[in-house]
Amino acid sequence: MKRLTKILLINWHMFTRTEIEVDRNVLVTGHNGAGKSTLLDAIQYVLTGGRTKFNLAANEDGARRLEGYVRGKLGIESKEYLREGDVSTHIALQFYDEESNDSFVLGSIIDLPEGGRCIEHFYVFYRSEALMDLYVSGKNEVRSKRAFENELRHRKIKYDFAQNKTDARRRVTTAFGLNSKYTELIPKALAFRPI
């Protein structure tokens, strides 16, 4: 059995540097606007290889966009976004494989240059954990894809980036030994509607 043990969110909507330890079952509660759907959207985004309609858990007409999550859309007239300029976002889901007694990480890096479009990358790395200092340097700078890859190589962590979103979905289903239809069911399940 493979089970989720950690969720790491860096520059994902209002989550700036958040690490959530998961111990078997988890109950997520909070007031409206606290980030429950944002957390579910991050998990869904990685597990579906970016095939996501955001905010379905809270609203059937979810209209959030990836750029709004990366920049931290505030919805305030005086300041539209929490993050300006070049931004890198990381979502990492750490799993523990009880059969092999090892951890692996499924994740995504989204680089958004100022004035540009989101550049999405999906990856898996093996026999290692999602540690905050892999994603954020000692100078408190969030690593871009290039800097993140350099850090993985430096630490001799075996990793593999998906070639595209279809390849990312294939890697997810392969990691769990599931049918490819699995990634299509996740958004439906999170929307609180019958599958």
Side-chain angles (χ1 to χ4, degrees), residues 4 6-22 26-94 105-123 130-149 151 161-162 165 168 183 186-193:
L4 182 64
K6 185 188 295 185
I7 303 164
L8 195 135
L9 302 172
I10 300 167
N11 290 345
W12 179 254
H13 202 40
M14 297 301 149
F15 295 99
T16 303
R17 308 251 193 308
T18 303
E19 194 171 316
I20 302 166
E21 298 287 336
V22 179
V26 173
L27 174 65
V28 178
T29 65
H31 297 288
N32 288 348
K36 301 176 302 291
S37 296
T38 301
L39 175 63
L40 292 176
D41 282 346
I43 295 168
Q44 176 186 191
Y45 179 76
V46 170
L47 293 180
T48 63
R51 185 187 285 168
T52 307
K53 185 170 181 188
F54 295 116
N55 205 29
L56 284 178
N59 181 348
E60 279 193 27
D61 300 321
R64 291 186 183 171
R65 294 183 26 220
L66 184 58
E67 182 180 322
Y69 275 113
V70 173
R71 292 221 177 271
K73 188 164 178 57
L74 296 170
I76 302 171
E77 283 185 35
S78 60
K79 187 174 182 185
E80 189 175 4
Y81 296 110
L82 180 64
R83 292 176 280 281
E84 303 290 340
D86 296 344
V87 180
S88 291
T89 290
H90 292 270
I91 305 166
L93 307 178
Q94 178 181 300
V105 177
L106 295 170
S108 178
I109 302 169
I110 306 152
D111 288 330
L112 179 55
E114 185 172 16
R117 298 176 64 181
C118 291
I119 305 164
E120 304 166 74
H121 310 279
F122 296 88
Y123 64 86
L131 303 171
M132 189 64 77
D133 66 350
L134 272 173
Y135 304 92
V136 180
S137 74
K139 297 176 183 176
N140 207 27
E141 294 172 356
V142 177
R143 290 190 169 99
S144 66
K145 180 195 182 257
R146 180 179 289 158
F148 178 65
E149 262 192 291
E151 190 64 23
F161 274 89
K165 290 182 176 186
T183 59
I186 293 171
K188 294 175 183 178
L190 289 179
F192 304 121
R193 289 188 305 240

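Throughout, numbering of the chain's residues begins at 1 and tracks the sequence. These numbers come from the heavy atoms of this one structure, side chains and all, not from hydrogens, waters or symmetry mates.
- Heavy-atom minimum distance, I91 versus A42: CG2-O, 3.8 Å.
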Just list the side-chain donor-acceptor pairs under 3.5 Å for residues 109-123, sequence neighbours left out, or say none.
unit_1, atom_1, unit_2, atom_2, d
D111, OD1, S88, OG, 2.6
D111, OD2, K145, N, 3.2
E120, OE1, Y45, OH, 2.4
E120, OE1, K165, NZ, 3.2
E120, OE2, K165, NZ, 3.3
Y123, OH, Y135, OH, 3.2

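- Between atom CD of residue E19 and atom CD of residue Q94 there is a gap of 8.5 Å, rounded to the nearest 0.5 Å.
- Residues K73 and R71 fail the side-chain proximity criterion, which asks for heavy atoms closer than 4.5 Å.
- From I43, atom CD1 reaches atom CG of L106 across 12.0 Å, with rounding to the nearest 0.5 Å.
- Surrounding CG of D133 are more than 12 heavy atoms belonging to other residues, nucleotides or ligands, all under 6.0 Å away.
- With rounding to the nearest 0.5 Å, the separation of OG in S37 from CG in N32 is 9.0 Å.
- Between the side chain of R51 and the backbone N or O of Q44 there is no donor-acceptor pair closer than 3.5 Å.
- More than 12 heavy atoms of other residues, nucleotides or ligands sit less than 6.0 Å from atom CZ of R17.
- Ion pairing between E67 and R65 holds under the 4.0 Å rule for side-chain N and carboxylate O.
- In terms of heavy atoms, A130 sits closest to V105 at N-CG2, 3.7 Å.
- For the residue pair D41 and W12, the shortest heavy atom distance occurs at C-CZ2, 4.2 Å.
- Partner V87 forms a side-chain contact (heavy atoms from CB on, under 4.5 Å) with one of V70, V142, L82 and no other, that one being V70.
- Side chains of M14 and T38 form no contact here, defined as non-hydrogen atoms less than 4.5 Å apart.
- Shortest non-hydrogen contact noted between L131 and L8 is C-CD1, 4.3 Å.
- Looking at L39 and I20, their side chains come closer than 4.5 Å, going by heavy atoms from C-beta outward.
- Across all non-hydrogen atoms, the minimal contact from I10 to M132 is CD1-SD, 3.6 Å.
- Within the 3.5 Å criterion, the main-chain N or O of G30 finds a donor-acceptor partner in the side chain of K36.
- To the nearest 0.5 Å, atom OG of residue S137 and atom CZ of residue F148 are 13.5 Å apart.
- Residue R143 comes nearest to H90 through the heavy atom pair O-NE2, 2.6 Å, listed as atom of the first residue, atom of the second, then distance.
- In this structure, L74 CG and H13 NE2 are separated by 8.0 Å, a value rounded to the nearest 0.5 Å.
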